[in-house]
Novice: 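Here you go, one structure.
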Amino acid sequence: MKICFIGTGYVGLVSGACFADLGNNVLCVDNNKEKIDSLNNGHVPFFEPELQELVIKNYSSGRLKFTTDLSKAVKESDIIFICVGTPTSKKSRSANLQYVFAVISQVSKYISKFKIIVTKSTVPITTGDKIERLILRKKRRKLFEVVSNPEFLREGEAIRDFRFPDRIVVGTNNKKVIRKLQSLYEPLIKRGAQFFVTSRRGAELIKYASNAFLATKISYINEIANLCEKTDVNVEDISIGMGLDQRIGGRFLRAGPAYGGSCFPKDTKALTVTGDFFKTDLSIVKSVIRSNEKRKSLLMQRVQKILSNKIKNKRIAFLGVTFKPNTDDMRESLSPSMISYLTKRKAKISYYDPSGEKIDLSKISNVTYCNNLKDACKNVDLVIIHTEWEEFKALDFNKLCKPNKFKIFDMRNLYSHKLMKQKGFHYYSIGR
Ligand SMILES: NC(=O)c1ccc[n+]([C@@H]2O[C@H](COP(=O)([O-])OP(=O)(O)OC[C@H]3O[C@@H](n4cnc5c(N)ncnc54)[C@H](O)[C@@H]3O)[C@@H](O)[C@H]2O)c1
């Protein structure tokens, strides 16, 4: 099929490359010329495992192309996927839809024969209705169909998630469009993905309800971890014990820092705004947001306590700064606020992250990026394991941090509490 993705970010590029790999002709569009130039030169401008190879393979075959020319993409494609960002608005907690509507206003100019317009961006319930009304100002009803097809991939595992999704949710009641999308997704359905068709509004809400539910699970186990710390119980036992109940399931029950990333924080906030708009108090989601905010300050106080309230001139190494491993995405990661908190109190920070140096952190004084673990950990008073990258899972801390008397705060519970204590480390973790 001939399809295009407008917005060539984490979602647009991964989906574009993967659909091209399935044999479709794909045009990826972005208004960021630098990004498109970089892709046309064979370089993926962000880190996602296997993506670089997949892009090069499909670009070379001619099935995957990159352009800033939106009119060409619309004219040449039967299905147009909208994949632009929907961040939190600057002035409120709602989703900022300016990028979506800007794209729609452009797209509607160039429609001259039937197009399926699919929102993959996460958009609040009724956005599809608004998009439809906007296009109707310029084009006749029979020239287009607006469909919701929310994306569920996770950064760091995006390609695997695309290839083996649990479900593909399609929101439309147009039978012809359902058949077309079903045939586009056929290779994934054959591998076992559920193809679930619902109303457009239903699909929009499924995405928010799912993300808010996962955020709730994380916050829940984080609060239980707080209780474990006070009662000498290991939160990992609780997670296992709970997860063995198939009604609960073990995933997303790992205690750690506050949830972050480009989706959960903004989507939980936007969902409560939608709830308020429709005069529905989503009190559970609201309290999850509060709990997550509280967790950030709780962890900062914890670091302060580990350092016996003496932060001034302490040398602290951060291992990992991204919100999760296998991505370079810093959106809503805990590390910048934690590092600012510590440097304001005159700590000296070094950090190492396998995905490289971060602009967000270069603006903070007394923060040094090290391109290897050894330099980051040399002579430090405290090591904070912030992100669970593979390479942090079996470290020889004595060699890394010598000769100081250092402490370790493992916010990801990567090491056995018992073993670390036996080895004589000053080791602190979460909920244990
Ligand atoms: N990142 C994820 O893990 C993930 C997962 C599921 C769903 N989503 C949702 O998908 C959407 C996109 O997220 P993302 O992380 O890929 O965002 P992103 O910021 O990585 O990419 C968005 C891209 O859109 C481009 N863009 C903005 N305005 C444009 C315009 N007028 N014309 C062409 N391009 C334009 C930007 O330059 C950018 O490259 C969001 O709604 C997000 O909530 C994201």
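As a basis for the values below, the full set of heavy atoms in this structure was taken, side chains included, without hydrogen atoms, waters or symmetry mates. Just so you know, residue 1 is the first one in the sequence shown, and it goes up from there. Counting convention: from 1, in listed order, for ligands and their atoms alike. The model shown is predicted, which means the values in this text are computed figures rather than measured ones.
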Novice: For atom 1 (N) of ligand 1, grab the closest protein heavy atom and report residue, atom and distance to one decimal in Å.
Specialist: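 Its nearest protein heavy-atom neighbour is Glu155 OE2, 2.8 Å.
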Novice: Which residue and non-hydrogen atom of the protein lie closest to atom 19 (O) of ligand 1, and at what distance in Å?
Specialist: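 Scanning the protein heavy atoms, the shortest distance from atom 19 (O) of ligand 1 goes to Arg331 NH1, 3.5 Å.
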Novice: Can you pull out the closest protein heavy atom to atom 43 (O) of ligand 1? Residue, atom name and distance to 0.1 Å, please.
Specialist: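 Sorting protein heavy atoms by distance from atom 43 (O) of ligand 1 puts Lys266 NZ, 2.6 Å first.
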Novice: Less than 6.0 angstrom from the centroid, inside 45 degrees of the normal: does Lys176 satisfy that with respect to the ring of Phe114?
Specialist: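 Flagged: Lys176 positioned over aromatic ring of Phe114.
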Novice: Between atom CE of Met411 and atom OH of Tyr428, what is the distance when rounded to the nearest 0.5 Å?
Specialist: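 With rounding to 0.5 Å, CE (Met411) is 15.5 Å from OH (Tyr428).
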Novice: Considering only protein heavy atoms, which is closest to atom 38 (C) of ligand 1, and at what distance to one decimal place?
Specialist: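 Looking at atom 38 (C) of ligand 1, the protein heavy atom closest to it is Asp30 OD2, 3.4 Å.
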Novice: Judging by distance only, is a nitrogen or oxygen of Asp267 under 3.5 angstrom from one on ligand 1?
Specialist: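 Between Asp267 and ligand 1 (N or O atoms, distance only) the closest approach is not under 3.5 Å.
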Novice: Could Arg191 and Phe164 be counted as a cation-pi pair, given that NZ or CZ must be under 6.0 Å from the ring centre and within 45° of the axis?
Specialist: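 Pair Arg191/Phe164 counts as cation-pi.
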Novice: What residue and heavy atom of the protein are closest to atom 21 (O) of ligand 1, and at what distance?
Specialist: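 So the nearest neighbour among protein heavy atoms is Gly9 CA, 3.2 Å.
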Novice: Does the ring center of Phe5 lie less than 6.0 Å from the ring center of Phe81?
Specialist: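 When the ring centroids of Phe5 and Phe81 are compared, they turn out to be within the sub-6.0 Å range.
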Novice: Could you tell me the residue and atom name of the protein heavy atom closest to atom 34 (N) of ligand 1, and the distance to it rounded to 0.1 Å?
Specialist: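 Heavy-atom neighbour on the protein nearest atom 34 (N) of ligand 1: Asn31 N, 3.3 Å.
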Novice: Side chain or backbone, does Lys35 bring an N or O within less than 3.5 Å of an N or O on ligand 1?
Specialist: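 Indeed, backbone or side chain, Lys35 has an N or O that close.
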Novice: Salt bridge check: are Glu155 and Lys324 linked by an N-O gap of less than 4.0 Å?
Specialist: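 So Glu155 does not pair with Lys324 through a salt bridge.
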Novice: Give the residue and atom name of whichever protein heavy atom lies nearest to atom 24 (O) of ligand 1, and the separation in Å to one decimal.
Specialist: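 Minimum-distance protein heavy atom for atom 24 (O) of ligand 1 reads Gly7 CA, 3.3 Å.
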Novice: Among Val107, Val29, Val84, Asn211, which residue places a heavy atom closest to atom 27 (C) of ligand 1?
Specialist: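 Considering heavy atoms of Val107, Val29, Val84, Asn211, the nearest to atom 27 (C) of ligand 1 sits in Val84.
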Novice: More than 12 heavy atoms of other residues, nucleotides or ligands under 6.0 Å from OH of Tyr220: is that the case?
Specialist: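 Counting neighbours around OH of Tyr220, 12 or fewer heavy atoms of other residues, nucleotides or ligands fall under 6.0 Å, so no.
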Novice: Would one find more than 12 heavy atoms of other residues, nucleotides or ligands at under 6.0 Å from atom CZ of Arg141?
Specialist: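 Yes, enclosed.
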Novice: Looking only at N/O atoms, are Thr86 and ligand 1 under 3.5 Å apart anywhere?
Specialist: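 Thr86 vs ligand 1: N/O contact under 3.5 Å present.
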Novice: Starting from atom 8 (N) of ligand 1, find the nearest protein heavy-atom neighbour and note its residue, name and distance.
Specialist: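 Of the protein heavy atoms, Val11 CG2, 3.5 Å lies nearest.
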